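To keep things clear, I will list the structure first and then write my remarks on it.
Note that the coordinates shown come from a computational prediction; the quantities given were computed from them, not determined experimentally. Note that ligands are numbered from 1 as they come in the structure, with each ligand's atoms numbered from 1 the same way. Heavy-atom basis, side chains included; hydrogens, waters and symmetry copies ignored.
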Amino acid sequence: MDAKTHTLTLQHWIGGDWVDANSGETFEVINPIDDSLYCHAARGTSDDMQKAIKAARAAFPGFKETLPKERERWLLRVAEIMEVRKDELIDCLIDEIGSPIGKANFEFDKGLTMLRAAAGMCRNMRGETIPSDAPGKFSMSIREPLGVVAIITPFNVPLIKTTRLIANALALGNTVVHLPSEMAPHLTILMADIFNEAGIPAGAYNVVTGMGHEIGDSLTSNPDVDFVSFTGSSVVGQHINEICAKNKTPVTLELGGKSPTIVLADADLEKAMPLAARSIFMFGGQLCIGSSRFYVERPVYDEFVKRFSMIASKVSMGDLRDPNTVVAPIISQRQRDRVRTHIEDAVKKGATVAAGGEWEGNRCQPTILTGVSEEMTLCREETFGPVTSIYPIDSYEEGLEKANDTEYGLSSAIFTQDINKAMHFAKNSGAGMCHINGPTVHDEAHVPFGGNGESGVGREGTDADMEAMTTLKWVTVQL
Ligand code: NAD
């Protein structure tokens, strides 16, 4: 605790010790609901980062030899302690990043499933036997952890990302250096404390807090880092991809999106409407898989706009601890400016606001725009706010073409009773994920989660991380 302000001051978690930044500096973490000070955190330097990478490297030889039953026990223990410390985690998700309690609980429950699924990976690290043309040769592959894994996470789902990625990396015998978002360090620090309490050996998991643009490169470009997992914006992802390509460091990039939903005339609107709303208004639209484009067949277009606008106007913007509240504050002034500019630019160029468009404090009302055209910024760029556009289409084919007319390719959805069109869309959508009669917002521990194009490279999830975070060694025995 800081004696003067009585706010929390977070330290790095390196090699099993809580340590200050070597510069002694800290930075402020702001509660987005009212811009009040939430806490201070150590402002990491590249020296701190080197120290964390060294600790992870030193811990690797011992950690990779730990038994599956030990890693399984530690990870299951993390889940148990999370349940005991649930209130702390939920409070943090509410006050650090402005999660409404419903979203915080959703993230907490999802986090538990991520950990338990990761625990199951420990016993599933399999190679195979391979036939050989050489007489008397026994041939096999052995699956091994990669080494030191760098994990960089965004602000919006810090618990899901921390539980999934850290747990998967550790389950496979890797050691980890984690750079959390500068807007959500406390959640990660709480989890580091929980991983420690669960018995994970010192140095296996390390956290350095700080400004990504100041210290990120010293992590991703370090030759002692064997794999980089990045989740965040496409701009930073591109930068990291270039660094990793230069150093031949394997990388997974989970980036932004402009995810489309097609609604055909035969869709069950009664069921589709609440799902459509959930797919863009949950957590104030600050979800990579949020649906920011709806393509609706003309016979139901007017009805869809009317009903969607009605729902939008009723979405609760109450207290974040009220279970009915859906709309979250936008995380930072920079991001609020972006959302505001996107709406203003669209309106100035002729778009119609069917619902919302106004602000209440740091929260943007759920906003629906029609008449959006190419020259408007939000037509193609990710807004990352509770803002979506509805476009009329004359046929499924037009919807498919428009849905795929994007640089992004994260999630996609279609609402229809026609299984042939639905499956055609599943096969031809340019996105990495496609949901039939379900919202673009969906995730589970064991699915291949990820996107194409500007939305990223590679997938995450238990099976995908098994491939990404391990390597196969070919071994022969001449009998
Ligand atoms: P961001 O790109 O600003 O930051 C993400 C992380 O990158 C932070 O930890 C930041 O500190 C770090 N960073 C910044 N510069 C860096 C550098 N040079 N090297 C290494 N790390 C650096 O993103 P954000 O605003 O926190 O999150 C929002 C974005 O994340 C949106 O674009 C959203 O779509 C995307 N996102 C994607 C997924 C997915 O799974 N595809 C999930 C959540 C969020």
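Residue contact check: G256 has heavy atoms under 4.0 Å from atoms 32 (O), 34 (O) of ligand 1. Those atoms of ligand 1 that come under 4.0 Å of a heavy atom in L179, given as number and element, are 9 (O), 21 (N). For ligand 1 and F449, the ligand atoms under 4.0 Å from any heavy atom of the residue are 40 (O). Short contacts between ligand 1 and V236, defined as distances under 4.0 Å to a heavy atom of the residue, involve ligand atoms 2 (O), 13 (N), 14 (C), 15 (N), 16 (C), 17 (C), 22 (C). Against a heavy-atom cut-off of under 4.0 Å, I152 is close to the following atoms of ligand 1: 6 (C), 7 (O), 9 (O), 12 (C), 20 (C), 21 (N). Here is the list of ligand 1 atoms found below 4.0 Å of a heavy atom in H239: 18 (N).
Protein heavy atom at the shortest distance from atom 43 (C) of ligand 1 is N156 OD1, 3.3 Å. At the top of the distance list for atom 42 (C) of ligand 1, counting protein heavy atoms only, stands C288 SG, 3.1 Å. Scanning the protein heavy atoms around atom 18 (N) of ligand 1, the nearest turns out to be D217 OD1, 3.2 Å. Regarding atom 8 (C) of ligand 1, its nearest protein heavy-atom neighbour is T153 O, 3.4 Å. The single protein non-hydrogen atom nearest to atom 34 (O) of ligand 1 is E382 OE2, 2.7 Å, given as residue, atom name and distance. The single protein non-hydrogen atom nearest to atom 13 (N) of ligand 1 is G212 CA, 3.6 Å, given as residue, atom name and distance. The single protein non-hydrogen atom nearest to atom 28 (C) of ligand 1 is F384 CE2, 3.6 Å, given as residue, atom name and distance. At the shortest separation from atom 20 (C) of ligand 1 among protein heavy atoms lies G216 CA, 3.3 Å.
No heavy atom of G451 sits closer than 4.0 Å to any atom of ligand 1.
Salt-bridge formation is detected for the pair R336/D35: a Lys NZ or Arg NE/NH1/NH2 atom is positioned less than 4.0 Å from an Asp or Glu carboxylate oxygen. Using a 4.0 Å cut-off between a side-chain N of Lys or Arg and a carboxylate O of Asp or Glu, E444 and R164 do not qualify as a salt bridge. Taking a cutoff of 4.0 Å between a charged side-chain nitrogen and a carboxylate oxygen, D405 and K258 do not qualify as a salt bridge.
Looking at residues two or more places apart in sequence or on another chain, you find no side-chain hydrogen bond (donor to acceptor under 3.5 Å, both in side chains) involving T388.
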*CA sep, side-chain torsions, deciding dist, call: D91, R321, salt bridge (Lys or Arg N to Asp or Glu O under 4.0 Å)*: CA-CA 9 Å; D91 278 342; R321 285 181 166 77; 3.1 Å; yes

*Under the salt bridge (Lys or Arg N to Asp or Glu O under 4.0 Å) rule, what do E107 and K103 come out as? Steps first, then yes or no, please.*
CA-CA 6 Å; E107 207 179 331; K103 182 264 190 185; 2.6 Å; yes

*asked:* Go through it in stages, so that I can follow the logic: the residues are E254 and K161, the test is salt bridge (Lys or Arg N to Asp or Glu O under 4.0 Å), and I'd like the CA-CA distance, side-chain angles, deciding distance and then a yes or no.
replied: CA-CA 11 Å; E254 297 291 349; K161 286 286 169 182; 5.3 Å; no

_Candidate pair K349 and D345, rule salt bridge (Lys or Arg N to Asp or Glu O under 4.0 Å), full reasoning_ = CA-CA 6 Å; K349 292 174 180 161; D345 167 77; 2.6 Å; yes

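Polar contact check, L255 against ligand 1: a nitrogen or oxygen pair lies under 3.5 Å apart. Residue E460 places no N or O, backbone or side chain, under 3.5 Å from any N or O of ligand 1. Backbone and side-chain nitrogen or oxygen atoms of T231 are examined, and none is located within less than 3.5 angstrom of a nitrogen or oxygen of ligand 1. Annotation: S233 places an N or O atom under 3.5 Å from an N or O atom of ligand 1; distance criterion only. For ligand 1, the polar-atom distance check finds an N/O of F155 within less than 3.5 Å of one of the ligand's N/O atoms. Looking at ligand 1, you'll find an N or O of K161 within less than 3.5 Å of one of its N or O atoms. Considering backbone and side-chain N/O atoms, E182 comes within less than 3.5 Å of an N/O atom of ligand 1.
With a 4.0 Å heavy-atom cut-off, ligand 1 is reached by no atom of Q335. When heavy-atom distances to ligand 1 are checked against a 4.0 Å cut-off, P180 comes that close only through its backbone atoms N, CA, C and O.
In summary, the side chains of S455 and N452 do not present any donor paired with an acceptor at a separation below 3.5 Å, with no hydrogens or angles considered.
At most 12 non-hydrogen atoms from other residues, nucleotides or ligands lie less than 6.0 angstrom from CD of E407. Within a 6.0 Å radius of CD in E401, other residues, nucleotides and ligands contribute 12 heavy atoms or fewer.
The heavy atom nearest to atom 35 (C) of ligand 1, considering only G232, G432, S455, P154, is found in G232.
Ring centroid separation for the pair F294 and F415 does not come in under the 6.0 Å cut-off.
Atom CZ of residue F106 and atom CD1 of residue I160 lie 5.0 Å apart, to the nearest 0.5 angstrom. From R116, atom CZ reaches atom CG of L76 across 7.5 Å, with rounding to the nearest 0.5 Å. In this structure, CG on L320 lies 4.0 Å from CD1 on I33, to the nearest 0.5 angstrom.
Distance check for atom 11 (O) of ligand 1: a protein heavy atom is found below 4.0 Å.
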